Amino acid sequence: MDKTKWPAISGLVAGTFLLTRSVPTTFAFDKPVHTSIVVLASCAAAIIGLSRLLPQDGGRSHKGQEYDALPMGDIGQPENSRASSPSPGDVRYPSSLRQLRMLFLALVLAICLRVEALREVLANTQCAGLSWEPLIPFALALLDYRAVQRRGMRAAPDDPDASVYDALEERLLRAPYSYALAAGLLGMGGLLTTALTTSPKSTSICAASLPYGWVVPVLQHVGTVLDLFIAFCIGQLLHQQEGRGARGVSLRFISVAWALLFSAVSLLSVGVVYYVVSKDDRKGILTIPALYFWSVLRFDALSCFTAICTVITIFHIGTMSTSMIVTFASVSSITTAYAWNNHHPFPSMHANLAFIALGMVLLGFATYFHIEASEDKASSSTVTFSKVPSWFYFLLLSLFAVRAGIWATRHTTVSYHPIDMLIYEAQLQHEAYISQTTASKNLTDAVRVYKDRYSRHPPPGFQHWYEYATARNSVVIDEYDSIYQNLLPFHALSAQTIRQRTWDMTSNPWNDAAGLSVRNGEVAISPNVMPTHRWMLDGLVDMIGHFAQHLPDMDLAFNLNDECRVAVPFEKIEPMRAIGRGSLLLNTVPKNEFSERRDEQWQPVPDPPNAQTPLKELSFQRTFYDFGSVGCPPHSSARTQRIWDVNGICMSCSAPQSLGAFLANWTTAADICHQPDLANLHGLYLSPAAFKGARDLYPIFSQSKAHGFNDILYPSAWNYIDKARYDPSDDHPDVPFAEKNSTLFWRGATSEGVSPGMGQWRGMMRQRFVHLANNINSSGPPQTLLLPRGQHSLAYTQLPVSELTTLMSTDVHVVDFIARCGGRDCPQQAHEFAPLVPPTDFQDHWQHKYLLDLDGAGFSGRFLPFLHSHSLPFKAALFREWWDDRVTPWHHFVPLDIRGQGLWATLAYFAGLDGIVNGRHVKVAAHDVEGERIAERGRNWANQVLRKEDMEIYFFRLLLEWGRLTDDKRDEIGFDVDTG
Ligand SMILES: *[C@@H]1O[C@H](CO)[C@@H](O)[C@H](O)[C@H]1NC(C)=O
Ligand SMILES: *[C@@H]1O[C@H](CO)[C@@H](O)[C@H](O)[C@H]1NC(C)=O
């Protein structure tokens with residue numbers, strides 16, 4: 001048995017390390033009770049399996065008597081098991097059966113309560129506070145101290161030769177409180193270092209009007225106390241006097257296993273009762289997603305391995321020492337990984353203090369084992385170390401060296417403002433764009449550039465398009481990469497399949513896809529379109545009508561919902577894209593006309609309508625893993641990780657597109673593959689109002705889409721027919737930037753997704769930003785500012801929202817009433833976001849310098865009017881539209897991360913601030929020149945490339961391409977200068 005000591009300890013350290021690494025991204029906490037039952041039961045089985053290997057140690061094993069291990073089973077026959085009188089042994093451990101039974105029951109109860117506390121905390125992690133788990137060894141040491149006190153002080157051998165120093169050391173080591181001292185040092189250091197090295201608080205809403213703000217931290221502490229109790233009980237069971245003797249060792253392990261199994265069975269029974277009682281949740285209880293299943297399997301294996309190592313370690317070195325090892329291993333791996341990954345000035349961190357705290361952890365840990373070893377020499381007991389190996393100190397020293405290196409190389413200040421640099425880079429980027437897109441000066445050039453870019457002939461009728469575009473002074477002639485990207489995978493489908501799938505979409509009104517048909521240069525709306533969406537189709541008919549005479553006969557399916565629809569898994573769509581890239585036909589001479597009699601190829605919409613649908617309904621449900629991320633590579637984090645802890649910002653998710661607290665790369669920000677945390681941060685992924693999605697490539701035209709969706713983007717009729725118009729008047733003037741009020745302004749509805757009663761609103765972007773911009777009962781977590789420090793540098797500082805709202809002016813409110821909610825989520829939101837304000841005239845926006853633009857269920861229809869104004873738009877968005885590559889962030893508008901972490905720092909840059917911050921007067925000049933320049937550039941650029949004419953030109957080119965794709969002779973037709 002002794003041989004297992006060091007392997008178990010090493011296994012424990014490795015298991016703890018691996019668990020702390022995998023816990024933040026596991027799916028296992030999606031269903032904490034399911035997971036707990038599985039883990040408890042399989043750990044029990046593993047320990048029972050293990051105990052079968054043990055008895056050789058004790059000598060004899062009697063078949064059929066294993067179940068005596070369960071103290072419950074001994075009721076009424078205590079004398080039997082007491083064959084040998086217990087050794088006078090350790091007062092710390094229980095010896096009577098009655099005690100053991102109590103202990104066993106208490107342990108089962110504690111485990112069940114712990115699971116419930118975990119479940120409650122997980123349901124509201126955004127309200128979680130600092131965990132006190134690192135104090136558990138300290139508490140165990142205190143318990144130990146009390147127990148040992150009863151025996152009197154540990155005996156100190158007299159040594160006449162000892163020096164004063166030795167004597168002092170000896171006294172300290174032998175003092176009854178020495179363990180408590182060391183464990184206390186480790187606990188305090190652990191607490192401090194975890195407090196200092198955690199991600200900044202996220203913007204997920206811990207509602208001020210709900211009790212979770214204090215309930216969750218209390219539950220966390222209850223959980224910690226239960227953990228302490230569980231550790232204590234397991235320690236007691238493993239060291240019970242009762243079990244000493246022939247089958248002693250295995251008996252003790254089996255009693256622990258039975259406790260785990262009993263807990264699992266109790267939880268399972270409660271679960272079954274709950275299942276019978278609650279009718280609504282039944283489906284949810286029985287659904288086991290595949291991702292969850294595999295994740296739990298891995299988590300379970302790791303947990304069981306760690307559990308086995310833990311019990312063996314407890315058996316050898318006691319609960320207190322084991323808890324020291326576990327705490328040390330988890331605290332040092334969590335905080336070291338965090339410090340390693342976050343060595344930039346943002347997020348701000350008290351690096352010196354964190355380093356000192358880690359020093360305390362190391363010192364406490366080393367001292368503890370030093371005491372343990374020295375006690376060991378004196379008492380020669382078998383459960384402790386005989387001496388501390390030197391490699392142990394070497395390991396601690398190397399850890400210290402690593403942390404010292406991280407600490408020494410960390411920058412705490414920046415010498416320039418990141419926004420200055422971003423604005424400068426944006427200018428270069430925009431210039432590069434202009435020079436690319438205006439390369440061609442005549443049709444021949446345009447054809448050549450087209451062939452160079454897309455390795456194909458332009459579609460038939462390209463000369464009409466060119467004429468149309470140049471007659472309307474289009475700046476953009478060459479750069480239509482988004483059309484190319486959108487249509488690329490469709491080359492893998494035959495024209496006949498595309499036509500069939502268009503019909504599949506439009507023939508069933510349930511699909512929410514409206515048909516438009518082009519026949520002989522006329523556009524017509526298919527029957528059975530919902531009247532509420534009539535405006536959209538009228539706008540489309542108007543827009544397409546301008547150039548329909550040049551289009552071939554075809555039917556088109558338009559998405560009537562705001563949410564995007566088609567997400568084809570990466571494994572399927574990538575080969576299709578490859579086919580698209582491979583279908584190059586440059587050496588043939590194309591025919592510059594579409595096939596004859598195309599009208600006959602499109603099936604008419606049937607009456608009565610078709611009842612079949614290829615779509616899956618996911619309204620009001622989470623869509624991230626079923627649709628949102630399937631377009632990502634299989635090993636990307638969006639498909640393999642679940643960021644369940646919404647309490648902190650996922651720094652690894654936001655880092656690739658950030659420069660400090662600011663959004664640096666709008667394109668990378670749109671790529672969700674490295675951002676699994678988005679599953680909890682947008683209504684589309686949390687609970688969309690209308691989501692009917694396909695996982696096969698169906699051709700549907702949408703106004704906007706999130707990354708990974710394969711909808712075909714077209715210019716929205718909303719903007720084309722001015723549903724939100726930039727129309728200043730004498731009553732609502734658009735005054736020059738300098739004369740506007742320096743306020744960040746937003747009005748809108750909670751329409752991003754539906755919150756039907758499960759609190760989904762707490763993650764939705766609109767709600768988060770409203771919460772972030774307002775001081776709601778002083779409940780907001782602190783937010784980051786970048787403030788001057790010293791003469792030439794800047795440093796990030798955290799300030800509570802209550803102070804920020806006094807330094808800068810925001811006017812960000814939900815209008816009228818809470819839309820799209822159900823059950824308790826309606827009154828709760830109304831309470832949280834009170835006062836709800838009456839809607840304002842859209843033209844009131846222009847009074848304000850800074851206009852916040854947040855997308856909702858789909859794209860934000862206000863952005864283009866904002867861009868046309870003299871005000872400066874701040875935009876946070878998941879959805880991207882047809883114009884995305886035309887407009888340059890930081891050059892034409894101010895981009896914000898969807899997480900909202902840079903909102904206040906960005907506003908502070910433009911609006912400036914003047915006030916008392918953390919007790920010192922700070923004055924930051926407003927960057928009005930920069931703000932006005934961006935606002936005016938955006939306005940001018942919008943007047944050049946985002947006019948209604950530009951929407952027509954884009955759409956015209958898109959539909960010509962689409963006409964070719966749906967043509968049976970698509971490989972033979974096209975435009976070339978010679979044929980045209
Ligand atoms: C954003 O990132 C993409 C991909 O990493 C890169 O190609 C592009 O140049 C970056 N844009 C800017 C403005 O840095
Ligand atoms: C700025 O706000 C004040 C008070 O809210 C208002 O009276 C004033 O008209 C606003 N200024 C402009 C330019 O709209």
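Just follow the structure's listing: the first ligand is 1, and inside any ligand the first atom is 1. What you see is a predicted model, and the numbers here were worked out from it, not measured in a lab.
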>> Assess whether a salt bridge exists between E479 and R886, defined as any Lys/Arg side-chain N lying under 4.0 Å from an Asp/Glu carboxylate O.
In response: no

> Are any of the side-chain nitrogens in D481 or R453 under 4.0 Å away from the carboxylate oxygens of its partner?
Replying inline: yes

>> Show me, by chain and number, every protein residue that has a heavy-atom distance under 4.0 Å to ligand 1.
In response: Q429, N665, T668

>> Do L487 and L965 have side chains that approach each other closer than 4.5 Å (heavy atoms only, starting at C-beta)?
In response: yes

> Between K849 and D928, does at least one N-O distance fall below 4.0 Å, as a salt bridge requires?
Replying inline: yes

> Does D445 have any salt bridge (Lys or Arg N to Asp or Glu O under 4.0 Å) partners at least two apart in sequence or in another chain, and if so, which?
Replying inline: R448

> Under a 4.0 Å N-O cut-off, is there an ion pair linking R933 with E930?
Replying inline: no

